[in-house]
Amino acid sequence: MSEAHLWWQRGIVYQVYPRSFQDSDGDGVGDLPGVTSRLDYLRWLGVDALWISPFFPSPMADFGYDVSDYTGVHPMFGTLADFDALVAAAHARGLRVLLDFVPNHSSDQHPWFVASRASRESPYRDWYLWRDPAPGGGPPNNWRSNFGGPAWTLDEATGQYYYHAYLPQQPDLNWRNPAVRAAMLDAMRFWLDRGADGFRVDALRQLVKDEALRDNPPNPAWRPGQNPYDAQLHTYTTDLPEVLTIVEAMRDLLDRYGERVLIGELYLPIERLVAYYGPGGRGCHLPFNFHLILTPWDARRIAALIAAYEAALPPDGWPNWVLGNHDQHRLATRVGPAQARVAAMLLLTLRGTPTLYYGDELGMADVPIPPELVQDPWERRVPGLGLGRDPERTPMQWDAGPGAGFTAGAPWLPLADDYATVNVAAQGADPRSTLALYRRLIALRRAEPALAVGAYAPVPASGHVLAYTREAGGRRLLVALNLGGRAASLALAGRGRALLSTHLDREGERLEGALALRGDEGVVVALDA
Ligand code: GLC
């Protein structure tokens with residue numbers, strides 16, 4: 001494998017949602033010792049790094065994305081010693097550990113906000129965004145919360161409103177205040193000193209808001225029944241130029257620690273997303289690219305997406321692709337179980353760092369959550385639109401035993417009905433399972449520099465077929481994916497040999513003139529020189 005590439009360029013990232021990965025103490029909620037106990041699985045799977053969603057002290061209004069102490073571990077998840085043990089065990093296995101840093105907002109229970117709220121004269125007042133009511137009363141402007149309703153909440157005692165891009169329990173920090181910057185960079189330093197290999201930075205595009213508090217304009221494309229937050233364009237609340245100066249400060253800090261990685265959560269159109277590589281490449285190493293999630297599952301649309309992304313990347317910008325996370329409906333539910341396998345081949349053969357979401361390697365699907373069991377505050381505040389995120393956060397399915405091997409207690413979210421068959425133990429023993437496919441794809445990516453770091457070139461195809469080549473050191477691989485359910489065929493200029501089919505049954509097949517694809521099949525072909 002090319003030594004010229006860094007681990008996070010060659011590597012594969014795996015997201016662990018710690019509440020749902022492995023419970024070690026029977027309280028029904030996953031924890032850090034649980035994650036540690038499953039590191040051998042991640043090594044067996046073949047990934048390079050795990051990104052762990054927040055495990056910091058938190059009242060859990062947004063399940064850990066409301067942090068009340070940036071340098072601690074919530075007792076439910078364990079202790080700092082458990083974190084240290086996790087990092088040591090991961091590093092001993094050659095696995096990197098990435099943390100989820102939540103800088104846009106703290107919990108309303110964070111001592112900074114408690115002090116800020118206490119009085120207008122508090123030295124912490126300016127650590128958050130406080131404003132007087134509008135002249136006639138009411139919120140200072142029309143800004144909306146991502147989770148429904150106004151983004152301003154009145155504090156009766158001091159007579160001012162505070163801004164929260166998310167829940168009222170998640171007040172936004174004031175990143176224009178140098179003391180906030182310093183304190184937050186200190187928190188990052190704390191984890192870097194303890195061995196963190198980098199961060200996924202939460203809600204990055206939202207760190208700075210318009211100082212003049214201008215109203216956001218209406219979104220002409222919005223229709224009733226869609227996410228109410230999107231009824232406005234987020235012109236004055238997201239992606240302001242000042243955000244990049246903060247990203248650069250974070251990057252400077254990481255660079256002092258060597259090969260650490262800075263990943264940004266950035267739901268932005270491609271032309272704005274690539275700006276986050278920063279001037280001179282001094283920004284995010286990996287501005288998360290969510291466009292495979294957001295683009296309709298159609299071969300022509302996806303071919304156009306890849307072309308647009310490749311064309312937009314700055315010269316030194318390393319690409320990345322994501323197919324799932326804890327905020328998005330499960331891949332297998334979005335595209336169906338058969339296409340989920342094709343999607344896995346796409347993700348793991350594209351140029352750029354792939355990020356996997358726990359359980360997708362089993363083909364786990366969304367689990368319907370009855371109203372009385374809903375946990376996600378978004379679903380509670382904006383019910384019935386399918387915005388709730390519980391369905392994609394259900395426990396990892398390890399085996400067919402009680403609690404799916406996830407917990408000895410009652411799981412915090414229901415287990416999938418099919419967990420007795422869709423689980424690591426069963427699929428690990430089945431050479432044609434989705435898990436087997438993921439393992440083979442990951443192993444192939446590791447073995448073939450063409451896939452890990454090689455050049456990308458599109459191959460003309462029509463209908464439901466998406467095709468491209470990857471090439472390094474004179475070795476050329478063709479990837480052909482049938483995004484449709486019917487048989488299709490792709491002309492082959494030369495000859496080749498099938499390396500891997502999503503059906504796991506064509507290895508070694510000689511090919512000449514044409515590549516026949518079954519419905520819902522993807523194939524990687526080694527082209528003859
Ligand atoms: C990000 C997280 C999401 C969280 C929100 C507020 O989008 O991924 O889970 O609710 O930020 O922190």
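Just follow the structure's listing: the first ligand is 1, and inside any ligand the first atom is 1. Quantities reported herein were computed from a predicted structural model and do not represent experimental measurements.
Below 4.0 Å from some heavy atom of His105 lie the following atoms of ligand 1, by number and element: 6 (C), 12 (O). Under a 4.0 Å criterion applied to the non-hydrogen atoms of Arg389, ligand 1 contributes the atoms 3 (C), 4 (C), 9 (O), 10 (O).
At least one heavy atom of Arg200 sits less than 4.0 Å from an atom of ligand 1. Ligand 1 lies less than 4.0 angstrom from a heavy atom belonging to Arg393.
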I'd like to know whether Asp255 forms a salt bridge (charged side-chain N to carboxylate O under 4.0 Å, His left out) with Arg260, so could you lay out the CA-CA distance, the side-chain angles of the two residues, the decisive distance to 0.1 Å, and finally the verdict. CA-CA 7 Å; Asp255 281 354; Arg260 311 292 171 106; over 6 Å; no
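With a heavy-atom cut-off of 4.0 Å, Gln328 does not touch ligand 1 at all. Residue contacts with ligand 1, taken as heavy atom pairs separated by less than 4.0 Å, involve Phe147 solely via side-chain atoms from C-beta onward.
A salt bridge links Arg330 with Asp360: the closest approach of a Lys/Arg side-chain nitrogen to an acidic carboxylate oxygen falls below 4.0 angstrom. Between Asp252 and Arg282 there is a salt bridge, since a side-chain N of the basic residue sits under 4.0 Å from a carboxylate O of the acidic one.
When only non-hydrogen protein atoms are considered, atom 10 (O) of ligand 1 lies nearest to Asp62 OD2, 2.5 Å. Among protein heavy atoms, the minimum distance from atom 9 (O) of ligand 1 is reached at Asp327 OD1, 2.7 Å. Nearest protein neighbour of atom 5 (C) of ligand 1, counting heavy atoms only, is Tyr166 CE2, 3.7 Å. In this structure, the protein non-hydrogen atom closest to atom 7 (O) of ligand 1 is Glu265 OE2, 2.8 Å.
Across Val47, Asp197, Val261, a single residue satisfies side-chain contact (heavy atoms from CB on, under 4.5 Å) together with Arg96, and that is Asp197. Considering Arg125, Arg117, Arg131 as possible partners of Gln160, the one that fulfils the side chain to side chain donor-acceptor pair (under 3.5 Å) test is Arg125. A side-chain contact (heavy atoms from CB on, under 4.5 Å) with Val13 is found for one member of Leu356, Leu98, Leu50 and no other, namely Leu98. With respect to Asp62, the side chain to side chain donor-acceptor pair (under 3.5 Å) criterion is satisfied by exactly one of Arg389, Gln169, His105: Arg389.
Residues Phe77 and Phe55 place their aromatic rings such that the two centres sit no closer than 6.0 Å.
Which of Val201, Asp202, Leu204 comes nearest to atom 2 (C) of ligand 1 through a heavy atom is settled by distance: it is Asp202.
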